[in-house]
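Lettering of chains follows the sequences in order, A, B, ..., and the numbering in each one begins at 1.
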Amino acid sequence: MSVLDLSAAPQPPLSATRRVGVVLIALVAALSLLGPLIVQGDPYAQSLMKALAGPDAAAPLGYDHLGRSVFHRLAYALRLSPVIALAAVMTAGAAGLALGTLSAAKGGWIDRCLVMLADALLALPGLLLILMVLAMVPGTALGFWAGLSLVLWVEFFRLTRAATRETLASPAVQASRLLGFGAAYVFRVHIWPEIAPMMLTAAAFGTATAIMAIAALGFVHVGMRAPTPELGLMMVELLPYWREAPLALLAPVLATFALLLGLTLLAGSRKT
Amino acid sequence: MSAIVSRLVQALMVAILIGTATFVMMRSLPGDAAWRIAAGRYGYDNVDAAAADAVRAELGLDGPAHMALLQWLGDLVRLDFGNSLVTGQPVVDEIAHQLGASASLALVAVLLSLVIGPPLGILAGLRPGGRLDRALLVTSTGIKAVPQFLVALVLIVILAVQLRWLPAAGHGAARHFILPSLTLALGLAAVNARIARDAMARIADMPFWRFAQWKGLSERQTLLRHGLRNVSVPLITYLGLQFVTLVEGVIIVESVFGWPGIGHALVHAIFSRDVPMVQGTALVLGLGFVLVNAAIDLAIRHLDPRTAA
């Protein structure tokens, strides 16, 4: 039965809300990846003559307080945080998956120690951990990656461990083992199909959390440093000028909102 | 009983984790910590090598690492958190001073979120699929996708800058509470409302609920006698888990609104590498989570005795 399941490769059907989420993410990705190709420009080039000027052909979203093109800064900012977030989610997902499976399969002391560690990390606010890692690791992007991975693996670990324990106790796995199949086979055929749909949800939530954390720390001046184009940093830089250049502030706000809403919708309900 | 033991183990792990992490942080900080601390004390323009050496000698910044770790954790066990490297005051005093401001802000925010979220959620859960239910789903999904600093930004721009109804930042008067606590409460309420809605919809679908109405109770009576207590169990459980979200929100919101609380202090301590302050604030936040959740375990047992069995 399980062998047939694998060949069919059960693909969770995308619901309407999830599809809306995918469209939103695709729009933001198109803006950030294709935008600078269509309208060429430099996110760092300053021209104080144009400070807070409105949109023109070279800068479709106008200029910021230092006369830099908001469009190009936004496009680069929309590459930076998602790339860090995705790298962290992949690291955290791999670590959580490996440790969660190990924990469920071995049990005993390994299980107890990992669960204690995960519970302790769960009690600490993610931003606190990220701030501490940022203070230890040289390089802000590297620090964000390490800190976010440290925060995010717990969720993957807990999901994997719970699902794997349940699956390992099932008659199907017992039958497989009696037939002499090894651990790798059991993981591939029995465990992974159970976990895979949950992984998408957890990964989308994790990416949204990571992007939010990077932007939030940028906004309070403890994340990315100027002049790096970063979403939170752009907002806090442009906040004092929002009367003169409302579009320059609205652009990163709306882009961040669209990206995070897209990820939240893609994640869907936590129960799936 | 086992719940309390596991919470104690969790508290111990939190303490060891933070103790070791802050120790590593102390040791591995890039750059010369002595210069940073001297700059924090005397101002960036007044630092020279002599001042840095004085700080290094005073704080014993050079020495063997493994002994220092044992001594560090030993101090932790004796609840000796040391002095702040920047102000020179005992960390305990500094935190006691800031904790009040943060706790009052967090408490107001939680109460406000409980006033906004669960009543809407219960009303929506009584009519699943109704107009309120659908509107609530859209609103709460939308709010959940907005980072808290963005909520703060929108509230500041509209209520403080544009309409000039409320102060954008500050601390002291009651009116200073409104914007920061509303920022926190909106995020919490978006989740609260969904939890209450799901619990209410589930309970209203149960046979005992229909029986209560069939025997002649009005909807209001059914809700008060049979509904609220059942809804409160998942709501309170979730409140404990939200504590971490709340603390994260407090860190951001305090920095945005200039609130003199523990989150603000933590950000400053990390910025100026004031490791004893980082350790103290992190411990208070981590152990606070364990304590709140232990209290919630007990409260749940009281509300729903079935869980004790």
Side-chain angles (χ1 to χ4, degrees), chain A residues 17 21 24 112-113 115-139 150 208-209 211-222 231-232 235-236 239-240 242-243 246 249 252-253 256-265 269-271, chain B residues 6-7 9-18 21-22 24-25 27-30 141-142 144-150 152-154 156-157 161-162 198 241 243-252 254-256 263-264 266-267 269-271 273 275 278 281-282 285-290 293:
Chain A
T17 45
L24 276 173
R112 239 170 285 166
C113 288
V115 168
M116 274 203 302
L117 181 67
D119 277 353
L121 283 174
L122 211 60
L124 293 173
L127 286 182
L128 168 72
L129 286 171
I130 296 170
L131 278 173
M132 282 170 71
V133 174
L134 274 177
M136 284 186 233
V137 176
L150 182 68
T209 311
I211 292 173
M212 260 192 216
I214 298 172
L217 293 183
F219 192 80
V220 295
H221 294 290
V222 286
L231 294 168
M235 290 179 213
V236 76
L239 181 58
W242 81 278
R243 265 177 218 274
L249 176 62
V253 168
T256 312
F257 178 64
L259 183 58
L260 292 174
L261 185 63
L263 285 166
T264 315
L265 292 178
S269 157
R270 251 191 203 285
K271 276 171 220 135
Chain B
S6 70
R7 287 292 175 200
V9 172
Q10 191 184 16
L12 189 70
M13 280 298 290
V14 166
I16 293 175
L17 204 66
I18 291 175
T22 42
V24 175
M25 186 175 160
R27 287 275 152 176
S28 72
L29 285 175
T141 312
K144 267 189 281 185
V146 183
Q148 259 160 343
F149 72 89
L150 216 53
L153 187 148
V154 171
I156 288 177
V157 164
V161 181
Q162 203 62 19
D198 288 347
L241 298 176
F243 183 81
V244 167
T245 324
L246 181 64
V247 169
E248 284 193 356
V250 165
I251 293 175
I252 293 301
E254 282 182 357
S255 300
V256 172
H264 198 232
L266 177 70
V267 169
I270 288 187
F271 214 56
R273 303 180 180 186
V275 178
V278 172
T281 41
L285 297 178
L287 296 182
F289 174 86
V290 180
N293 277 283

key: Proximal component of A:Ala208, with respect to chain B [non-hydrogen, under 4.5 Å]   = neither
Residue part contacting chain A, namely of B:Leu153, when any heavy atom lies under 4.5 Å = side chain
ask   = For the candidates A:Gly126, A:Gly262, A:Ala213, which exhibits the highest count of non-hydrogen atom pairs separated by less than 4.5 Å from chain B?
value = A:Gly126
query = For B:Glu248, which residues count as a side-chain hydrogen bond (donor to acceptor under 3.5 Å, both in side chains) partner, sequence neighbours excluded?
reply = none
query = So do B:Ile251 and B:Val267 actually touch side chain to side chain, heavy atoms under 4.5 Å?
reply = yes
task = Go through the atoms of A:Leu117 and report whether side chain, backbone, both or neither lie under 4.5 Å from a heavy atom of chain B.
result = both
query = Side chain, backbone, both or neither: which part of B:Val14 has an atom under 4.5 Å from a heavy atom of chain A?
reply = both
task = Report the C-alpha distance between A:Phe219 and B:Val256 in whole Å, list the side-chain angles of each, state the deciding distance to 0.1 Å, and finish with yes or no for side chain to side chain contact (heavy atoms under 4.5 Å, CB included).
result = CA-CA 8 Å; A:Phe219 192 80; B:Val256 172; 3.7 Å; yes
ask   = Just wondering, do B:Gln10 and B:Arg7 contact through their side chains at under 4.5 Å, heavy atoms?
value = yes
query = Which region of A:Leu239, side chain (C-beta onward) or backbone (N, CA, C, O), has a non-hydrogen atom less than 4.5 Å from a non-hydrogen atom of chain B, or is it both or neither?
reply = side chain
ask   = Can you tell which of A:Leu261, A:Leu249, A:Leu263 has the highest number of heavy-atom pairs within less than 4.5 Å of chain B?
value = A:Leu261
key: Heavy-atom contact with chain B under 4.5 Å, split by part of A:Val220   = side chain
ask   = Please walk me through it: do B:Thr141 and A:Thr17 pass side chain to side chain contact (heavy atoms under 4.5 Å, CB included)?
value = CA-CA 11 Å; B:Thr141 312; A:Thr17 45; over 6 Å; no
message = The criterion is side chain to side chain contact (heavy atoms under 4.5 Å, CB included); which residues satisfy it with A:Met132, sequence neighbours excluded?
response = A:Leu128, B:Ala21, B:Thr22, B:Met25, B:Ile270, B:Val278
